[in-house]
Amino acid sequence: MSWIPFKIGQPKKQIVPKTVERDFEREYGKLQQLEEQTKRLQKDMKKSTDADLAMSKSAMKISLDLLSNPLCEQDQDFLNMVTALDTAMKRMDAFNQEKVNQIQKTVIEPLKKFGSVFPSLNMAVKRREQALQDYRRLQAKVEKYEEKEKTGPVLAKLHQAREELRPVREDFEAKNKQLLDEMPRFYGSRLDYFQPSFESLIRAQVVYYSEMHKIFGDLTQQLDQPGHSDEQRERENEAKLSELRALSIVADD
């Protein structure tokens, strides 16, 4: 095996125990995963509320389009049905807006605030990594002089290198200890932080769908025609469609 010259920046001594590095990587890995999950959840919640608002908007437009249909001018019963539908859609939209506003305040905004902490955390990890690189570089420098013949100039340089190493080592050890102490505490805090938000989300959904049950229950009572089942209505529509297809203006050439 050929001899490879020793380079400054690569200390022979294991300055950070492997168990400490594993602990650090494990705890930081959990926080990286939490950051990704928080971003994804915030994005999904925003997509969900946007979809809710789009649904209400579409439903409102349908009822408005039906009200402007000429058939409403000709058929009072149809006008009454569409008016009842329009009233239900307006009630639905009001409760939907209330639900979305609550989710925005109690779920999306807390997710956003929680996510805003991660840049500072990641910066602290970068500072720890930089301190580790400085520590390794100076440790390698000390080792270089320790291996040389102990002449006066070498001993002077060794003493100077050790003096340079001391504050750098202390700085790294302080940063490393702080992160190893605080990362698990930060990760554990997610439960107490998010529980009120998710309880609020569930409560908002329960209230909304309870109100929807009432709204559409009332609408069903107004629209139901005694003696007409869905199957009967379907047969009537098919019969009318067959009559329309029989007209010469829609006949195939």
Side-chain angles (χ1 to χ4, degrees), residues 33-118 190-241 244-245:
Q33 185 180 38
L34 178 60
E35 180 181 14
E36 180 60 31
Q37 291 172 337
T38 301
K39 289 179 179 178
R40 186 164 61 246
L41 185 56
Q42 181 185 346
K43 183 178 179 180
D44 290 343
M45 289 302 308
K46 183 64 168 59
K47 287 170 63 176
S48 175
T49 54
D50 287 347
D52 284 343
L53 293 174
M55 179 273 296
S56 278
K57 183 178 180 180
S58 296
M60 293 277 288
K61 189 175 186 305
I62 289 172
S63 62
L64 288 174
D65 288 345
L66 287 173
L67 281 173
S68 63
N69 191 298
L71 185 59
C72 286
E73 300 177 3
Q74 305 167 11
D75 190 322
Q76 185 61 43
D77 289 340
F78 183 69
L79 174 61
N80 293 340
M81 292 173 62
V82 174
T83 300
L85 174 65
D86 184 61
T87 300
M89 294 302 97
K90 289 177 180 175
R91 292 175 62 193
M92 178 190 72
D93 182 62
F95 281 110
N96 193 43
Q97 290 281 355
E98 184 176 337
K99 178 190 72 173
V100 168
N101 289 340
Q102 182 176 349
I103 291 174
Q104 178 68 34
K105 292 178 182 178
T106 62
V107 182
I108 296 178
E109 286 300 325
L111 281 168
K112 185 177 180 179
K113 291 176 181 177
F114 190 82
S116 69
V117 176
F118 287 101
R190 75 198 189 284
L191 300 175
D192 290 336
Y193 183 86
F194 284 124
Q195 184 173 343
S197 292
F198 295 145
E199 287 179 354
S200 178
L201 173 62
I202 295 171
R203 192 175 299 110
Q205 298 286 9
V206 168
V207 171
Y208 173 75
Y209 286 106
S210 296
E211 293 297 335
M212 291 308 98
H213 183 268
K214 295 177 184 177
I215 290 171
F216 287 96
D218 294 343
L219 181 61
T220 299
Q221 292 180 358
Q222 296 179 62
L223 300 184
D224 267 353
Q225 299 179 19
H228 283 70
S229 65
D230 290 339
E231 291 78 7
Q232 289 174 312
R233 293 190 180 95
E234 184 177 353
R235 287 196 295 270
E236 290 174 0
N237 286 339
E238 285 296 329
K240 289 181 174 64
L241 184 58
L244 294 175
R245 286 172 174 161

*L79 and L67: side chain to side chain contact (heavy atoms under 4.5 Å, CB included), yes or no, with the steps?*
CA-CA 7 Å; L79 174 61; L67 281 173; 4.2 Å; yes

*Show your reasoning for whether side chain to side chain contact (heavy atoms under 4.5 Å, CB included) applies to M92 and M55.*
CA-CA 10 Å; M92 178 190 72; M55 179 273 296; 3.9 Å; yes

*Roughly how far, to the nearest 0.5 Å, is NZ of K43 from CD1 of I108?*
14.0 Å

*Looking at NZ of K240 and CZ of R235, how far apart are the two atoms once the value is rounded to the nearest 0.5 Å?*
12.0 Å

_Counterpart residues, side-chain hydrogen bond (donor to acceptor under 3.5 Å, both in side chains), relative to E199 (two or more places apart)_ = Q195

*In terms of side-chain geometry, is the basic nitrogen of D65 or K61 positioned less than 4.0 Å from the acidic oxygen of its partner?*
yes

For residues 201-212, please give each side-chain donor-acceptor pair under 3.5 Å, one per line with the distance, not counting sequence neighbours.
from : atom 1 : to   : atom 2 : distance (Å)
S210 : OG     : V206 : O      : 2.7

*Applying ring pair (Phe, Tyr, Trp, His ring centres under 6.0 Å), name anything that partners F198, two or more places apart in sequence or on another chain.*
F194

*Rounded to the nearest 0.5 Å, what separation is found between the OG1 atom of T106 and the CD1 atom of I103?*
7.0 Å

*Taking C-beta and beyond as the side chain, do I62 and M89 meet within less than 4.5 Å on heavy atoms?*
no

_Any K39 side-chain heavy atom under 4.5 Å of F118 side chain_ = no

*Cationic N near anionic O, under 4.0 Å, D44 to R40*: no

_Quick one, E73 and F78 - any side-chain contact, counting heavy atoms below 4.5 Å?_
no

_Candidate pair Q97 and S56, rule side chain to side chain contact (heavy atoms under 4.5 Å, CB included), full reasoning_ = CA-CA 9 Å; Q97 290 281 355; S56 278; 5.9 Å; no

*Is the backbone of V82 close enough, under 3.5 Å, to the side chain of D86 for a donor and an acceptor to pair up by distance?*
no

*Do R190 and T38 come within less than 4.5 Å of each other through their side chains, counting heavy atoms only?*
no

*In plain terms, say whether K57 and D93 are close enough for a salt bridge, that is, a side-chain N and a carboxylate O under 4.0 Å apart.*
no

_Working note: K46 + D50, criterion salt bridge (charged side-chain N to carboxylate O under 4.0 Å, His left out); need CA distance, chi angles, decisive distance, verdict._
CA-CA 6 Å; K46 183 64 168 59; D50 287 347; 3.0 Å; yes

*Please check if atom CD in E98 has more than 12 non-hydrogen atoms from other residues, nucleotides or ligands closer than 6.0 Å.*
no

*asked:* What's the separation between atom CD in Q42 and atom CD in E109, rounded to the nearest 0.5 Å?
replied: 8.0 Å

*Give a yes-or-no answer on whether the side chains of Q76 and N80 include a donor-acceptor pair shorter than 3.5 Å.*
yes

*asked:* Checking the side chain of S63 only, and the main-chain atoms of L85 only, is there a donor and an acceptor separated by less than 3.5 Å?
replied: no

*Give a yes or no on this: more than 12 heavy atoms of other residues, nucleotides or ligands lie within 6.0 Å of atom CD of E234.*
no

*Looking only at non-hydrogen atoms, find the nearest pair between A84 and Q222 and report the distance.*
CB-OE1, 3.3 Å

_Within this structure, what is the CG-OG distance for the pair L41 and S197, rounded to the nearest 0.5 Å?_
9.5 Å

_Are N96 and K99 packed together at the side-chain level, in the sense that at least one heavy-atom pair is separated by less than 4.5 angstrom?_
yes

_CG on L66 to CG on L71, rounded to 0.5 Å_ = 9.5 Å

*Check whether the side chains of S200 and Q102 place a donor and an acceptor atom closer than 3.5 Å, and report yes or no.*
yes

